[in-house]
Amino acid sequence: MGVAFLMLIENIFPPIPSEVVMPWAGYSVSQGDHSLLAVVAAGSIGSFLGALLWYGVGLWIGKDRLSRWVDHHGAWLTISPKDIDRVDQWFDSWGGWAVLICRLIPGLRTLISLPAGFSNMSFLPFAIYTAIGTVAWTALLASLGWWLGNNYADLTGPLGWVSTAVVVGLFVWWLFRLLSQKRWSKNAANAR
């Protein structure tokens, strides 16, 4: 139950990484605390429910309302309405494959549900592609934790540094985009 809850929260609030939750659950399997099937099922259910939540948000908000919100408030996220249009076009081209593949990519796993919703992807294909990608991802991570077994504690230190470097890198990239966008806006205003 705890794994399902953590994976649900991970999908709602992406900074909680499944890359920590599921290998840890797999490690508990190696210690005889749980079965691998139960851990994968719990993680998949929690992750699937989180994906459904964001799909519902995308359906409810719709592309037009999201574009209007981004037009007024998207600057701090460094997102523009043009970005929403590009994502929508990309999603229309790839559809179900986008959902399946993105469910296997950290960071995009959660976000892909939003364009699936605002693009009005049919629920059944969304659910099928999401379920396949989610089970594959949680099984991979849990199996990795199970396989590492007693060596897991030796790897958490180096892996912690790697995940910290990724987060810092993403923050620097976001800050660069934000400052570039502010500079561009200022230059455009001065040119008028």
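The shown structure was predicted, so the numbers you read here are calculated from the model rather than taken from an experiment.
The two residues Leu36 and Ser143 come nearest to each other via the heavy atoms CD2-OG, 4.0 Å. Heavy-atom minimum distance, Gly26 versus Val39: N-CG1, 4.3 Å. Minimum heavy-atom separation, Asn120 to Leu59: OD1-CD2, 3.5 Å. What you find for Ala98 and Trp90 is that their closest heavy atoms are CB-CH2, 3.5 Å.
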Item to complete: Evaluate the side-chain contact (heavy atoms from CB on, under 4.5 Å) criterion for residues Ser35 and Val29: first the C-alpha distance (whole Å), next the side-chain angles of each, then the deciding distance (0.1 Å), finally the verdict.
Response: CA-CA 6 Å; Ser35 78; Val29 170; 6.0 Å; no
Fill in: Worked verdict on Ile112 versus Trp54 for side-chain contact (heavy atoms from CB on, under 4.5 Å)
CA-CA 9 Å; Ile112 193 61; Trp54 284 113; over 6 Å; no
Item to complete: Report the C-alpha distance between Ser113 and Phe126 in whole Å, list the side-chain angles of each, state the deciding distance to 0.1 Å, and finish with yes or no for side-chain contact (heavy atoms from CB on, under 4.5 Å).
Response: CA-CA 8 Å; Ser113 298; Phe126 172 78; 3.6 Å; yes
Discussion item. Could you walk me through whether Phe123 and Leu52 satisfy the side-chain contact (heavy atoms from CB on, under 4.5 Å) test, starting with their C-alpha distance in whole Å, then the side-chain angles of each, then the deciding distance to 0.1 Å, before giving a yes or no?
Written reply: CA-CA 9 Å; Phe123 176 76; Leu52 287 183; 3.5 Å; yes
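Interatomic distance, NE2 of His34 versus OH of Tyr27, reported as 12.0 Å (0.5 Å rounding). The SG atom of Cys102 sits 8.5 Å away from the CZ atom of Phe91 when rounded to the nearest 0.5 Å. In this structure, the separation between CE on Met121 and OG1 on Thr130 is 7.0 Å, given to the nearest 0.5 Å. Atom OH of residue Tyr129 and atom CD1 of residue Ile101 lie 10.0 Å apart, to the nearest 0.5 angstrom.
Under a hydrophobic clustering in which Ile, Leu, Val, Met, Phe, Trp and Tyr are joined whenever their side-chain heavy atoms come within less than 4.5 Å, directly or via other members, Val135 and Leu37 fall into different clusters.
Proximity of Val99 to Trp94: side-chain heavy atoms (C-beta onward) are nowhere separated by under 4.5 Å. Counting heavy atoms from C-beta outward, Pro115 and Lys63 have side chains that stay 4.5 Å or more apart. A 4.5 Å side-chain heavy-atom check between Ile132 and Trp137 finds every atom pair outside the cut-off.
Counted by atom type alone, Ser44 and Thr134 present zero donor-acceptor pairs between their side chains at under 3.5 Å.
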